[in-house]
2 protein chains.
Amino acid sequence: MVTLKDISKATGVSVTQVSRALGGHDDVKEATRAKVREAAARLGYRTNAIAKGLKTGQTGFVAMVIPSDIDASGREIMFDMVVGISQAISRHGLKFLLHVVDSDAQVTGAFDLLFHGGGIDGFILTELQEPDPRVAYLQDRNMPFVVHGQYPGRPHPFVDLDNFRVGEVLAGWLLDAGHRRILFLNGQDHRIYSSTRTAGARHAFAVRGIDPSTLDVAHGPMTQDRGRAVALDRLRRPDRPTGIIAGNTMLARGVWDAAAACGLRIPEDLSVTAHDDVLAQYPASGFDPVPSVTRSALHAAWAALADTMSQTIAGGDPEPDSGLLAPEAVPGLSVAPPPAGSSRG
Amino acid sequence: MVTLKDISKATGVSVTQVSRALGGHDDVKEATRAKVREAAARLGYRTNAIAKGLKTGQTGFVAMVIPSDIDASGREIMFDMVVGISQAISRHGLKFLLHVVDSDAQVTGAFDLLFHGGGIDGFILTELQEPDPRVAYLQDRNMPFVVHGQYPGRPHPFVDLDNFRVGEVLAGWLLDAGHRRILFLNGQDHRIYSSTRTAGARHAFAVRGIDPSTLDVAHGPMTQDRGRAVALDRLRRPDRPTGIIAGNTMLARGVWDAAAACGLRIPEDLSVTAHDDVLAQYPASGFDPVPSVTRSALHAAWAALADTMSQTIAGGDPEPDSGLLAPEAVPGLSVAPPPAGSSRG
DNA sequence: CTGAAAGCGCTTACAG
DNA sequence: CTGAAAGCGCTTACAG
């Protein structure tokens with residue numbers, strides 16, 4: 001292993017000046033800096049972020065801790081999420097690491113292990129639940145973190161899609177077209193984003209003077225299989241929904257499948273709105289007809305997350321509410337008035 | 001952050017003795033040890049593995065580096081692999097971390113970053129290809145590593161299924177039942193385990209005096225979709241195979257699908273053998289009829305991998321060839337003689 | 001512009 | 001059984 005001392009010996013420059021030359025400080029003679037740089041390159045020097053961290057308190061490593069018992073839909077997007085976050089973090093000159101623990105209960109212990117024992121500067125949290133002990137745990141111990149999502153109570157650094165607005169827009173489109181029997185294929189129960197979207201959708205009902213309790217909300221994994229299964233179940237009932245809100249494009253795929261299986265045309269017989277995370281596997285462009293969507297790229301959220309993480313580690317308090325991402329409302333061809341024969345709620 | 005110094009102050013014991021007490025050395029008076037332990041627990045002390053590592057050269061962190069552009073089948077098992085390896089590593093008191101880089105080309109750079117700069121003790125390598133620069137890179141730089149698989153040339157620490165034997169057994173069962181037109185649904189091209197399995201299968205042909213070149217080997221991702229697609233293609237040909245070897249149970253699922261689609265019964269019209277990694281999602285018990293398989297739990301491989309990693313870090317050279325895992329040969333009900341009407345190769 | 005010195009949290013000979 | 005001291009690789013006041 002090549003150290004500053006080795007470069008010092010090779011160049012005759014003191015370790016102090018070698019450190020300053022490589023660290024880009026300006027109080028180093030150009031000639032000295034050049035000599036040091038050359039030797040560092042020649043010897044294959046790599047700065048030891050850990051030793052540096054011992055002194056400065058910053059290693060540049062950021063981590064995420066996940067339990068191994070996450071559900072199917074979590075697994076499905078896990079790889080994309082890890083890759084996306086990792087890339088975004090790298091762009092800020094930080095390094096991303098993933099650590100897996102056996103269960104939810106072991107997550108906080110891993111925070112301590114990694115922060116105090118492993119030179120990790122900060123953590124990224126996703127998939128918040130209610131209740132979720134992680135946020136308070138990190139806040140109480142002053143460990144830097146950024147949440148993808150928001151937790152009620154004490155404010156904290158976060159990046160989040162405006163899920164209330166998502167629910168509001170997706171429901172609003174259907175209501176304004178005249179639909180009254182609406183099914184909302186939402187995400188997992190107890191997930192905060194799910195309940196926020198429901199609240200947004202019900203708000204859309206309320207402001208139009210329609211009873212919000214008539215909205216049928218189904219919680220579960222956001223997969224194509226579940227989308228098909230739940231949609232099929234509801235579409236086969238005599239008072240079938242005339243409009244469906246899909247929480248993402250995978251669920252929407254399932255709705256398309258179910259509509260086909262029931263011989264229902266979109267939008268003539270069934271209207272559908274969906275949220276589009278702009279994931280490569282399930283592009284909204286792959287649908288016929290093009291769906292009406294709220295759109296917000298998960299990649300944009302990850303980039304914002306990395307940015308906020310970088311600020312948080314640097315000690316800057318990100319401004320409250322700066323983390324809220326507005327979805328784009330993109331009308332398509334998947335919404336029409338309900339079919340003439342359908343009784344209206 | 002609580003340090004040894006804090007405990008020293010709280011107890012009046014020197015930092016030296018505190019370190020020894022907590023480290024479990026035997027040259028500490030019991031009363032002192034008890035006092036120190038109590039204070040450590042009360043203050044919430046956590047040893048800083050990084051500072052320790054600076055002194056001892058061991059942090060207890062083990063990492064795996066994966067490129068983000070891995071293929072579909074790689075993504076499918078990635079989560080299970082990471083979880084399985086992580087658990088196995090934890091059981092040895094080590095900590096596992098995953099780091100993602102953009103492409104294959106950046107993997108070696110990440111090794112340097114993590115080893116010299118990030119306090120990582122050693123690396124786990126999987127999915128070896130040919131050629132694969134990673135093994136030589138780590139060997140040349142004396143960074144500890146263990147491979148799941150084997151690389152030709154200089155010996156190195158590894159754990160690997162005896163893939164030659166797998167190919168030999170799976171082909172042998174079909175040949176001995178009288179099959180001559182055999183399709184081998186193998187894994188990705190350029191993967192060493194794929195070619196080793198092919199070699200084993202061809203060896204089974206050769207020792208029986210049958211031309212090994214008549215074995216039809218198809219390379220690709222080991223997914224159910226591909227299994228179905230390739231099997232369908234072959235089964236619809238006039239000289240369709242009467243026996244199929246499936247590289248894993250996901251491919252086998254696809255074969256079962258294809259057979260059903262063609263109206264072929266297993267084993268009356270089509271014999272199938274498969275390798276079973278004993279993964280929770282695709283249990284061999286879920287098939288009808290029960291398939292004849294070579295069986296070797298990936299979990300066992302991961303446990304062995306962690307064990308070898310632990311030894312390697314500790315400086316012990318694991319014995320050569322101790323890492324080869326023998327598959328279990330478990331005959332089922334999926335092999336019968338070829339149908340009477342079929343011309344025999 | 002430069003270098004000797006102190007110190008981040010830890011461990012381990014060394015000398016009692 | 002105990003503790004002062006040195007040192008892992010680095011950075012940063014401090015004094016030239």
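What you are looking at is a predicted structure, and each value in this text was computed from that prediction instead of being measured. Hydrogens, waters and symmetry mates play no part in the numbers below; they use all other heavy atoms, side chains included. Throughout, a chain's letter reflects where its sequence line sits, starting with A, and its residues are numbered from 1.
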Acceptor/donor pairs from residues 19-30 of chain A side chains to any protein atom, 3.5 angstrom cut, sequence neighbours excluded:
from, atom 1, to, atom 2, distance (Å)
A:R20, NE, A:Q17, OE1, 2.6
A:R20, NH2, A:Q17, OE1, 2.9
A:E30, OE2, A:R33, NE, 3.3

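- Here ring-ring contact (aromatic ring centres under 6.0 Å, His included) pairs that include residues 90-113 of chain B, with residues two or more places apart or in two chains, are B:F111-B:F123.
- Judged as a salt bridge (charged side-chain N to carboxylate O under 4.0 Å, His left out), the pairs with a partner in residues 124-138 of chain A (not counting sequence neighbours) are, in order, A:E127-A:R191, A:D132-A:R134.
- Of all heavy-atom pairs spanning A:Q129 and A:I192, the tightest one is O-CD1, 3.7 Å.
- The nucleotide range of DNA chain C contacted by chain A, defined by atoms under 4.0 angstrom from heavy atoms of the protein and reported 5' to 3', is C:dC1 to C:dG9.
- For DNA chain D, the residues of residues 4-19 of chain B within the heavy-atom distance limit of 4.0 Å (strictly under) are B:V13, B:S14, B:T16, B:Q17, sorted by number.
- Taking the side chain to side chain contact (heavy atoms under 4.5 Å, CB included) definition, one finds that A:A303 meets it with nothing, sequence neighbours left out.
- Sorted by first and then second residue, the salt bridge (charged side-chain N to carboxylate O under 4.0 Å, His left out) pairs involving residues 88-105 of chain B (not counting sequence neighbours) form an empty list.
- The nearest pair of heavy atoms linking A:F158 to A:G149 is CB-O, 3.2 Å.
- Residues meeting the side-chain hydrogen bond (donor to acceptor under 3.5 Å, both in side chains) test with A:S86, sequence neighbours left out: none.
- Taking atom P on both nucleotides, C:dA4 is separated from D:dG7 by 16 Å, rounded to a whole Å.
- When only modelled atom types and interatomic distance are considered, B:D69 and B:S103 share no side-chain donor-acceptor pair under 3.5 Å.
- For B:T3, the side-chain hydrogen bond (donor to acceptor under 3.5 Å, both in side chains) partners at least two apart in sequence or on another chain are B:D6.
- Contact detail for A:L114 and B:F61: the closest heavy-atom pair is CD2-CE2, 3.7 Å.
- Proximity of residues 21-43 of chain B to DNA chain D (heavy atom under 4.0 angstrom from any strand atom) is restricted to B:D27, B:V28, B:K29, B:T32.
- Of all non-hydrogen atoms in B:A301 and B:L325, the two that sit nearest each other are CA-CD2, 3.7 Å.
- In terms of position along DNA chain D, the nucleotide closest to B:T56 lies nearer the 5' end than the nucleotide closest to the other residue of the pair B:T56 and A:K52.
- Listed by chain and residue number, B:D112, B:Y137, B:M143 satisfy the side chain to side chain contact (heavy atoms under 4.5 Å, CB included) test with B:R141 (two or more places apart in sequence, or in another chain).
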Here DNA chain C, pairs taken as Watson-Crick or G-U under 3.5 Å and shown with ( ), [ ] when crossing and | when to another strand, reads |||.||||||||.|||
